[in-house]
Amino acid sequence: MSRLKVAVMISGRGSNLRALMEACSEPGFPAEIVLVLSNTPDAGGLRHAREAGLTAKVVNHRDYADKPTFERTMEAELEQSGAELVCLAGFMRLLTPEFVDRWRDRLINIHPSLLPAFKGLDTHQRALDAGTRISGCTVHFVRADMDDGPIILQAAVPVLEGDDADALAARVLAAEHRCYPAALRLIAEGRVRVDRDRVRVDSPPAAGTLFSPPVR
Ligand code: GRF
């Protein structure tokens, strides 16, 4: 079985990276991580990747005079790795429209809200301030606008009385760790296509979870 070659781009602790690593280490999982790329040398995720024997590299944005040069260096690494899909997992630099276009429909992101609500930072506090009863996470294809693009998969969690931003973040993060590998599986199995900026999932599994489309 040929597995989809995936690069994961991070900036920080890398818990979603770890969820993807765990999924990819399961026998029969249809994707493999060929590169972990960080824009900061002290990203915690780098250590996890290296401990697991993955190729993990730093392209420090501070070392480059401008964003196009920084991105060209990252792209050279991506190309060298043979990555067919790039997963942003807590990657905290905005990418230029040129980069995003070159990876169109091959670049995905996870965001800790039910998009299109609460794009940007500080999502959990804003969800609490708005009095929402349900929050969650979204895996989507990346477009030039921040936290925009065709939605692949979402997972919902309740907002509970007494939640603060940390409590809600932890509940959403647990959902992220299930949602991102599930979305990667759907893509790697060739079941996801973009049709006029909407995602169509072929033969979605049976309903019955808080995931949409449902996942086993
Ligand atoms: C996650 O909440 C993700 O949704 C957001 O950044 C955070 C990254 O966390 N884009 P981690 O580095 O994966 O632990």
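Counting begins at 1 with the first residue of the sequence. We use all heavy atoms of the structure for the numbers below, so side chains are in, but hydrogens, waters and symmetry mates are not. Order of appearance sets the numbers: ligands from 1, and atoms from 1 within every ligand.
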Value for OG (S25) from CD1 (I33), rounded to nearest 0.5 Å, stands at 9.0 Å
Short N or O distance, S15 and ligand 1, threshold 3.5 Å exclusive
yes
Out of G90, S113, A175, whose heavy atom is nearest to atom 8 (C) of ligand 1?
G90
SB check E77 R72 (cutoff 4.0 Å)
no
Ignoring angles and geometry beyond distance, decide whether I110 reaches within less than 3.5 Å of ligand 1 through its nitrogen or oxygen atoms.
yes
R47 and E51 ion-paired at < 4.0 Å:
yes
Proximal atoms of ligand 1 relative to G14 (non-hydrogen, under 4.0 Å):
11 (P), 12 (O), 13 (O), 14 (O)
Can you see whether H177 engages S15 through a side-chain donor-acceptor pair at a distance of less than 3.5 angstrom?
yes
re atom 9 (O) of ligand 1, the protein heavy-atom contact at minimum distance is R13 NH2, 3.3 Å
Side chains of V8 and L35: closer than 4.5 Å at any heavy-atom pair?
no
Classify the ring geometry between Y64 and F70 as parallel (under 30°), tilted (30 to 60°) or perpendicular (over 60°).
tilted
Looking only at N/O atoms, are G12 and ligand 1 under 3.5 Å apart anywhere?
no
Using heavy-atom distances, let me know which of H124, E176, H177 sits nearest atom 2 (O) of ligand 1.
E176
